[in-house]
S.K.: 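Below: one structure in structure tokens.
Every chain is numbered from 1 and lettered A, B, ... according to where its sequence line falls, protein lines coming before strand lines. As a basis for the values below, the full set of heavy atoms in this structure was taken, side chains included, without hydrogen atoms, waters or symmetry mates. Keep in mind that what you see is a predicted model, and the values were worked out from it rather than measured.
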2 protein chains.
Amino acid sequence: MATIQEVAKYAGVSVATVSRVINTPDKVRKHTQFKVQNAIRELNYEPSVLGRSLRTSQTRLFLVLLPSISNPFYAQIINGIQNKAIESGYNILLCETDSDPAREVIFFNMIKNKLADGIISMDPTVNKERLIELSTKYPIVQCSEYAKDNTLSYVTIDSERAAYQAVKHLIKLGHKKIGLINFDKKFLYASERYRGYEKALKEFDLEIKDDWIYNTKHLNFESGQQAMRVLLNQADRPTAVFAVSDVLAVGALKELHINQLRVPEEMALFGFDNIEFSNVVYPPLTTVAQPMYDMGSISVQMLMSKIRGEEVESLVLDHHLIIRETT
Amino acid sequence: MATIQEVAKYAGVSVATVSRVINTPDKVRKHTQFKVQNAIRELNYEPSVLGRSLRTSQTRLFLVLLPSISNPFYAQIINGIQNKAIESGYNILLCETDSDPAREVIFFNMIKNKLADGIISMDPTVNKERLIELSTKYPIVQCSEYAKDNTLSYVTIDSERAAYQAVKHLIKLGHKKIGLINFDKKFLYASERYRGYEKALKEFDLEIKDDWIYNTKHLNFESGQQAMRVLLNQADRPTAVFAVSDVLAVGALKELHINQLRVPEEMALFGFDNIEFSNVVYPPLTTVAQPMYDMGSISVQMLMSKIRGEEVESLVLDHHLIIRETT
DNA sequence: CTGAAAGCGCTAACAG
DNA sequence: CTGTTAGCGCTTTCAG
């Protein structure tokens, strides 16, 4: 790679002028501009982000933190993020934290080190205190998952209400015994969806039975399957189950197949997230759709505002139920 | 963030000494070390990657190029990459190219700009010429997908042989009419898997019928489903189908469900990749397992060797068939 | 409109 | 063992 000095020498001007041609062309005479442009082309020059960053402290890059790329839920959000970012002249780097605090620190340091201009965090396992502290100094936006702290901006949905509606839908269908496959309640959305579940059951005077609630440790197919196995093993088992994530629901569905239970006749199932898989399994999964693409692109807009130093309002987007064939 | 100067002043030493304490502690007296360590702690100092990079031209970061994170095939490879990278003191940045050449350029520029020390490319759509050219200057390794060019290192499997074995397995089961759901043959693995398919059929004197071969444009569930729909619509339809990717196979399976065909009795199905989902669908998919984790970690080792300036041998790893219930 | 020069944070000779 | 200093590639005053 040629450096700015080489270009300057080649064009017979100073480095300052080269820099001006690149950043503020109006301040340079047309003729000089032309000479420099020519040198740039000839030498195949590209400004070094490193040198520039060191000087200006901006990289036009931002970090997207997510726990694991194997959860398809993130795929579409990232799509939205990526498109909007590129539109705004930014690039994104995906950072898989694997829910490992040590790894998180590495990525946080990247922003401290000015290797990135901002962070979109989608990681529910993120250290909230650290995130809040960091957000006082650097542009940070939370997407989907969020900490209950008003110094931190987020874009998300109303999980409690969505869960409430899902369970209500099961009730309207005549179900009286409704199970819940939940994720570890230390995650905000898990506890919110639990509350929605609870609220619906209470409203219709239905029993909330501990035996019908299973909290998984992990968010993968196997956990969902195992949860359903436990639920099925009860003498008095539920006739419908609400799973707080499609990944869990799909795993649960597998267990139903293994036990040759007819879905939804012998067991109804309601998922959450509307991941691509949910429409490929058989029968297609009834689920809650989040506006994933929008969540992604909006979080970028929010981040851009923050970078510009503007005040940013957090946002709760609409969801909707997608009734397919498991209910 | 505190700078090295502030630390130096606080500790009452020169910046050089601070730098030494960080990079080559042995060259510093214990007592001085202690003072500096203390200052570092007090001021919460972390070396700026930017300043360091500008000076040393290394970031201990590398880029992982992949077309799309929504293909679960990559998840496990990335796992292998990530673990090995961290072990080696490196960090990775995931770069989704979306098969968009423009985006590719951005990431390639990052390495030219010394923002990363190396690249692992898993993108089959990557511009091969550019990659080859780049690889003469920068450390680059291909993982899974590869260009047939011996200047470029890769780690992969023998796709042709794997496909051959898969189809042979179907033949041994008594199938005489075997369809193929393939991906665009401009991708090397697609053409290799095609060759394996062809070879097996020829060996057993079975008909290779164009109508039984469908090349999808995209690599997603829907394409697989559509492919199977076409295959089923034939008057003389195959009794078994080999799909070159689990994603396609899973989509195909959905179409079989919709048509109420019993699997494998009325239609057998063989996938490829052993993605997590393949064992969750019903019936569980027979497929080819690639050593994804190993591919990931080996590609890191290869990249490290390259960074150290060593010669690197490309590698073809073993695969194996996983016979589940769709055959 | 253009050039000279300072400096972003760091490392690595070089001297002592 | 430690300090001084040049310089990585760039942008940005400040003069002219």
S.K.: Calculate the interatomic distance between A:Lys30 atom NZ and C:dT2 atom C1'; express it in whole Å.
M.R.: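 After rounding, the reported distance stands at 16 Å.
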S.K.: Can you check the B:Lys27 NZ to C:dC14 C1' distance for me, whole Å?
M.R.: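 One finds 13 Å between C1' of C:dC14 and NZ of B:Lys27, rounded.
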S.K.: For A:Val13 and B:Gly51, take the nucleotide of DNA chain C holding the closest heavy atom to each; which residue's nucleotide lies nearer the 5' end?
M.R.: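 Taking each residue's closest nucleotide, the earlier one in sequence belongs to A:Val13.
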S.K.: Counting the atoms with a prime plus P, OP1 and OP2 as sugar-phosphate, which does A:Ser19 contact under 4.0 Å by heavy atoms, base, sugar-phosphate, or nothing?
M.R.: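 If one applies the 4.0 Å heavy-atom cut-off, A:Ser19 turns out to touch a base.
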S.K.: Grab the CD1-P distance between B:Ile22 and C:dC10 for me, whole Å please.
M.R.: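 Between P of C:dC10 and CD1 of B:Ile22: 7 Å.
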S.K.: Of B:Val15 and A:Val49, whose nearest nucleotide on DNA chain D comes first from the 5' end?
M.R.: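 In this pair, the answer is B:Val15.
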S.K.: OP1 or OP2 of D:dT11 less than 4.0 angstrom from a side-chain nitrogen or oxygen of A:Arg52, does that happen here?
M.R.: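 Yes, A:Arg52 has a side-chain N/O under 4.0 Å of OP1/OP2 on D:dT11.
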S.K.: Could you check whether A:Val18 gets within reach of a base, just the sugar-phosphate, or nothing at all, counting any heavy atom under 4.0 Å?
M.R.: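 It contacts nothing in the nucleic acid.
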S.K.: Of the candidate nucleotides C:dT2, C:dC10, D:dC10, which contains the atom at the shortest distance from the side chain of A:Val28?
M.R.: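 Among C:dT2, C:dC10, D:dC10, the one nearest the side chain of A:Val28 is C:dT2.
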S.K.: In whole Å, I'd like the distance from the CD atom of A:Gln58 to the C1' atom of D:dT12.
M.R.: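 Checked: the CD to C1' distance equals 14 Å.
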S.K.: Distance check needed: C:dT2 P versus A:Gln33 CD, whole Å only.
M.R.: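 Between P of C:dT2 and CD of A:Gln33: 9 Å.
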S.K.: Whether A:Ser48 contacts D:dG9 is assessed here as follows: a side-chain N or O lying under 4.0 Å from the phosphate OP1 or OP2. Is that the case?
M.R.: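 No, A:Ser48 has no side-chain N/O under 4.0 Å of OP1/OP2 on D:dG9.
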S.K.: OP1 or OP2 of D:dT2 sitting under 4.0 Å from any side-chain N/O of B:Arg29?
M.R.: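 Answer yes for this pair, as a side-chain N or O of B:Arg29 is under 4.0 Å from OP1 or OP2.
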S.K.: Tell me whether B:Thr32 contacts the main-chain N or O of B:Val28 through its side chain, where contact means a donor paired with an acceptor under 3.5 Å.
M.R.: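 Absent.
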S.K.: Could you check how far CG of B:Leu54 sits from P of D:dC8, rounded to whole Å?
M.R.: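 Going from CG in B:Leu54 over to P in D:dC8 covers 9 Å.
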S.K.: Please round to the nearest 0.5 Å and tell me the distance separating atom OG1 of B:Thr125 and atom CZ of B:Phe187.
M.R.: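 B:Thr125 atom OG1 to B:Phe187 atom CZ measures 6.0 Å (nearest 0.5 Å).
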S.K.: Could you state the atom-to-atom distance from CD1 of B:Ile4 to P of C:dC8 in whole Å?
M.R.: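 Answer to the nearest Å: 13 Å.
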S.K.: Strictly by modelled atom types, are B:Asn83 and B:Tyr293 linked by a side-chain donor-acceptor pair under 3.5 Å?
M.R.: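 B:Tyr293 and B:Asn83 do have a side-chain donor-acceptor pair below 3.5 Å.
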S.K.: Given atom CG of B:Leu50 and atom P of D:dT11, what is their separation to the nearest angstrom?
M.R.: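 Roughly 13 Å, once rounded to whole Å.
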S.K.: Between A:Glu104 and A:Arg130, does at least one N-O distance fall below 4.0 Å, as a salt bridge requires?
M.R.: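 Looking at A:Arg130 together with A:Glu104, the answer is yes, because their closest N to O distance falls below 4.0 Å.
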S.K.: I'd like to know if A:Arg20 reaches the base of C:dG3 with its side chain, counting only an N/O donor and acceptor under 3.5 Å.
M.R.: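 Pair found.
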S.K.: For the side chain to side chain contact (heavy atoms under 4.5 Å, CB included) test, which of A:Met304, A:Met302, A:Gln301, A:Met122 pairs with A:Val141?
M.R.: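 Answer after filtering A:Met304, A:Met302, A:Gln301, A:Met122: A:Met302.
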S.K.: Does D:dG3 have OP1 or OP2 under 4.0 Å away from a side-chain N or O of B:Thr17?
M.R.: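 Yes, because at least one side-chain N or O of B:Thr17 sits under 4.0 Å from OP1 or OP2 of D:dG3.
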